[in-house]
Amino acid sequence: MSDENRFESVWDAIEDTPAQAANMRLRSQLMMALRDHIAREGLTQVRAAAILGITQPRVSDLMRGRIDLFAIESLVTMIAAAGLQVELQVARAA
């Protein structure tokens with residue numbers, strides 16, 4: 001495999017631009033944090049929906065990883081509703 005075929009992440013490989021890849025990478029991390037929190041707390045989808053201020057089908061989409069259905073803003077809102085906080089680190093690109 002040549003160096004030109006190696007990517008930092010799967011998002012870099014499948015998205016058209018570095019900005020799109022960064023957006024997807026961030027959304028993915030936020031979704032995984034929410035899914036982990038729901039599992040760790042042993043919440044049902046109905047209870048998670050009530051806490052996050054969304055519908056149960058929306059929690060189902062979250063748990064199934066339907067990343068295309070969630071914007072960063074809505075994920076951050078749900079994280080805050082869950083009593084969690086987001087910490088952001090920005091670094092120079094490689």
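- Under the 4.5 Å side-chain contact rule for hydrophobic residues, Leu84 and Leu52 share a cluster.
- Without hydrogens or angle criteria, Ser28 side chain to Met24 main chain gives no donor-acceptor distance under 3.5 Å.
- Annotation for Arg27 and Asp68: closest pair NH2-CA, 3.6 Å, computed over non-hydrogen atoms.
- Taking each heavy atom of Leu75 and Met31 in turn, the nearest pair found is CD2-CG, 3.6 Å.
- Here the CD1-CG distance, from Ile67 to Leu30, works out to 9.0 Å after rounding to the nearest 0.5 Å.
- If you chain together hydrophobic residues whose side chains sit under 4.5 Å apart, Ile72 and Leu62 fall into the same group.
- Closest non-hydrogen pair, Arg35 versus Gly65, comes out as NH1-CA, 3.8 Å.
- For Ile51 against Ala81, the heavy-atom pair with the smallest separation is O-CB, 3.5 Å.
- For the pair Arg58 (side chain) and Leu69 (backbone), a donor-acceptor distance under 3.5 Å is present.
- Using modelled atom types and a 3.5 Å distance limit, the side chains of Glu87 and Gln85 yield a donor-acceptor pair.
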Next item on the list: Before giving the answer on side chain to side chain contact (heavy atoms under 4.5 Å, CB included), spell out for Val59 and Thr44 the whole-Å C-alpha distance, their side-chain angles and the decisive distance to 0.1 Å.
Entry: CA-CA 9 Å; Val59 174; Thr44 65; over 6 Å; no
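- Met32 and Ile38 sit in two unconnected hydrophobic clusters of ILVMFWY residues. Membership requires side-chain heavy atoms under 4.5 Å apart, directly or through other members.
- We find the CG-CZ distance between Leu34 and Phe70 to be 8.5 Å, quoted to the nearest 0.5 Å.
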